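Heads up: the structure comes next, in structure tokens.
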Amino acid sequence: MRASRRAFSVVEVIVLAIVLVLVIAIAFAFSQRTRRTTQRPMKDSAQIRGIHQGMVLLAQSAPDQYVIPSWVDTSHTTLTPESAKDDLGNILSVYLFNGFFSTELTVSPSEQSPLIQVYTNYALSRPPAAVQTPPDNNPGNNALWDPSFRGSPAEQVTRNGTKPVGTLAPEANVIAHNSYAMMPYFGARRAKWSNTFQANEAVIGNRGPMYEMVGSGAAAKSRLLDTGTNTSQAGFVSQTGKGTNSMTLGIHGDKKTWEGYIAYNDNHVNFETRADPENNPWRFSGLSLAEGRQRPDNLFLSEDDDTVTPMPAQIGTMSVPMQATSGGDANGAATPGGATSVRNALSMSNNWLRTWTVESVNEKAETSGVTVVVD
């Protein structure tokens with residue numbers, strides 16, 4: 001005689017249903033987390049590419065030159081002559097004002113800083129922060145961009161058409177509207193601030209921490225600067241910068257190493273898993289052929305174009321080399337004779353991505369000094 005098949009009890013059915021619900025919930029949560037972690041990097045890559053494409057498009061009408069705000073606003077209808085026109089925020093704002101991309105693109109979906117947020121009050125006409133123009137003294141009548149857009153938390157706030165030079169104190173905690181670092185186009189890098197189509201010239205990308213160089217010549221290698229682990233340390237301007245405690249390590253990396261997207265001057269965007277990409281070497285001309293002149297170039301160090309050694313003033317204030325003269329000190333300060341040294345981080349042409357503020361302007365209202373900032 002065949003044994004009868006026992007049916008599930010009510011309790012067993014309930015337990016089974018609960019288990020199934022839990023399994024489905026866990027699977028759904030995992031799929032959503034995987035989707036988010038996949039979509040964020042892809043979106044970041046698209047945003048960086050979109051910003052650079054906007055730069056390229058506008059350059060096509062200006063002999064391949066990327067925007068230099070102090071060269072655009074020569075009539076001072078946007079900012080007064082003594083203003084910090086060439087801050088990173090003003091550069092991006094020119095493209096925003098002309099509709100080449102939106103403010104949403106300038107904030108990374110993986111941004112770690114609470115001081116960087118999407119700007120929702122950008123003025124596409126008559127920006128109230130711009131210069132007042134006669135006869136009615138309405139601000140922004142002839143403005144060429146909205147100068148209230150800020151490229152980093154270190155930038156001064158624009159009021160009544162004036163953006164003061166210099167940096168804000170770290171404790172000011174003023175909201176900024178940009179996540180990305182750009183090539184400081186001052187000094188020797190000015191020639192690269194254009195649509196050169198060169199695949200090895202980094203133009204814009206995710207911000208990065210500070211590094212130091214160990215060894216010299218062909219044996220030199222860069223490593224993350226040990227600045228402790230206190231990620232709550234305040235400040236975006238420092239003479240030493242932030243390395244192991246930089247919040248930029250958490251944008252795409254594992255908080256111990258930097259990873260990020262970089263747009264190059266041929267408009268390709270690459271996901272770099274290290275700050276000195278092996279697939280994009282730089283030719284350091286002072287090394288012997290036996291040593292190998294082609295070497296990895298750290299994106300966040302301004303090395304000597306000849307010897308690979310880091311240049312002085314990686315972080316902090318430095319003068320802009322206007323011409324190759326002698327007699328200045330190692331930090332680019334003017335000598336009593338009036339000559340300006342070119343031996344600082346801005347006098348080199350290898351890849352270097354940073355954020356900065358304008359520290360001083362000359363009699364032509366052009367930038368004569370900058371402060372490179374961190375985080």
Side-chain angles (χ1 to χ4, degrees), residues 67-73 76 78-94 113 115-116 119 127 129-131 145-187 189-190 207 210 233-242 302 311-322 328-334 340-341 344-347 352-375:
V67 162
I68 298 176
S70 62
W71 291 12
V72 173
D73 190 30
H76 314 302
T78 306
L79 288 171
T80 56
E82 64 273 13
S83 293
K85 291 186 180 183
D86 293 335
D87 276 347
L88 183 52
N90 288 326
I91 295 170
L92 291 168
S93 190
V94 174
S113 174
L115 297 180
I116 298 178
Y119 194 30
V131 167
W145 68 85
D146 183 352
S148 64
F149 184 89
R150 301 176 67 249
S152 81
E155 287 186 14
Q156 294 275 353
V157 177
T158 305
R159 292 185 176 90
N160 299 322
T162 298
K163 188 174 189 179
V165 297
T167 53
L168 289 172
E171 59 270 17
N173 293 334
V174 181
I175 299 299
H177 317 113
N178 166 57
S179 292
Y180 302 115
M182 275 189 172
M183 172 179 65
Y185 58 82
F186 311 97
R189 294 182 180 86
R190 177 61 58 82
R207 306 189 313 283
M210 283 299 301
Q233 177 185 349
F236 39 75
V237 179
S238 167
Q239 291 301 317
T240 56
K242 293 183 181 180
S302 182
M311 296 302 299
Q314 296 286 317
I315 294 292
T317 302
M318 63 197 80
S319 64
V320 173
M322 303 305 293
D329 63 23
N331 291 318
T340 302
S341 170
N344 66 15
L346 297 174
S347 63
W352 195 37
L353 298 178
R354 281 293 166 199
T355 56
W356 68 86
T357 64
V358 170
E359 189 67 27
S360 59
V361 295
N362 60 23
E363 65 279 2
K364 297 179 180 179
E366 296 176 339
T367 298
S368 57
V370 299
T371 294
V372 175
V373 300
V374 293
D375 276 7

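Because the structure is a prediction, the values reported are computed rather than measured. For the numbers below, each heavy atom of this structure counts, side chains included, while hydrogens, waters and symmetry mates do not.
Pairing each heavy atom of Ala84 with each of Asn90, the nearest pair is O-ND2, 3.0 Å. Nearest heavy-atom pair across Arg150 and Gln156 is NE-O, 3.6 Å. In terms of heavy atoms, Ser179 sits closest to Ile116 at OG-CG2, 3.8 Å. Considering every non-hydrogen atom in both Ser302 and Ala345, the closest pair reads OG-O, 2.7 Å.
Residue pairs satisfying the salt bridge (Lys or Arg N to Asp or Glu O under 4.0 Å) criterion with at least one member in residues 156-165, sequence neighbours excluded, are listed as follows: Asp87-Lys163, Glu155-Lys163.
Checked against ring pair (Phe, Tyr, Trp, His ring centres under 6.0 Å), Trp356 has the following partners two or more places apart in sequence or in another chain: Phe186. Applying the side-chain contact (heavy atoms from CB on, under 4.5 Å) criterion to Ser148, with sequence neighbours excluded, gives Tyr119, Ala129, Asp146.
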Inset, instruction - Apply side-chain contact (heavy atoms from CB on, under 4.5 Å) to the pair Ser113 and Asp375, showing each step before the final yes or no. - result: CA-CA 8 Å; Ser113 174; Asp375 276 7; over 6 Å; no
Inset, instruction - Give the intermediate values and the outcome of side-chain contact (heavy atoms from CB on, under 4.5 Å) for residues Glu366 and Ile68. - result: CA-CA 9 Å; Glu366 296 176 339; Ile68 298 176; over 6 Å; no
Inset, instruction - Please test Thr80 against Thr162 for side chain to side chain donor-acceptor pair (under 3.5 Å), starting from the C-alpha separation and ending with a verdict. - result: CA-CA 6 Å; Thr80 56; Thr162 298; 3.1 Å; yes
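Side-chain contact check for Met182 versus Leu92: some heavy-atom pair is nearer than 4.5 Å. Side-chain contact check for Pro153 versus Asn173: every heavy-atom pair is 4.5 Å or farther apart. With contacts defined as side-chain heavy-atom distances shorter than 4.5 Å, the pair Trp145/Leu79 qualifies. Side-chain contact between Lys242 and Ile315 is absent, with no heavy atoms from C-beta onward closer than 4.5 Å. In this structure, the side chains of Val361 and Pro81 stay at 4.5 Å or more apart for every pair of heavy atoms. Between Met318 and Glu359 there is no side-chain heavy-atom pair separated by less than 4.5 Å. Between Pro184 and Leu346 the shortest side-chain heavy-atom distance falls below 4.5 Å. Here the side chains of Val165 and Ser360 are not in contact, with every heavy-atom distance at 4.5 Å or above.
The 12-atom threshold is not exceeded at CG of Asn160, counting heavy atoms of other residues, nucleotides or ligands nearer than 6.0 Å.
Here Lys364 contributes atom NZ and Ser70 contributes atom OG; the two are 11.0 Å apart, rounded to the nearest 0.5 Å. Atom CG of residue Asn344 and atom OG1 of residue Thr317 lie 11.5 Å apart, to the nearest 0.5 angstrom. To the nearest 0.5 angstrom, Ser152 atom OG is 8.5 Å from Leu168 atom CG. A distance of 5.5 Å separates CZ in Phe149 from CG in Asn178, rounded to the nearest 0.5 Å. Note that the CD atom of Glu82 and the NE2 atom of His76 stand 9.0 Å from one another [nearest 0.5 Å]. For the atom pair CD1 (Ile91) and NZ (Lys85), the distance works out to 13.5 Å, reported to the nearest 0.5 Å.
Applying side chain to side chain contact (heavy atoms under 4.5 Å, CB included) to Arg207 and the options Val374, Thr355, Val373 leaves one that passes, Thr355.
Remark: side-chain polar atoms of Asn362 are not paired, donor with acceptor, to backbone N or O of Ser368 under 3.5 angstrom.
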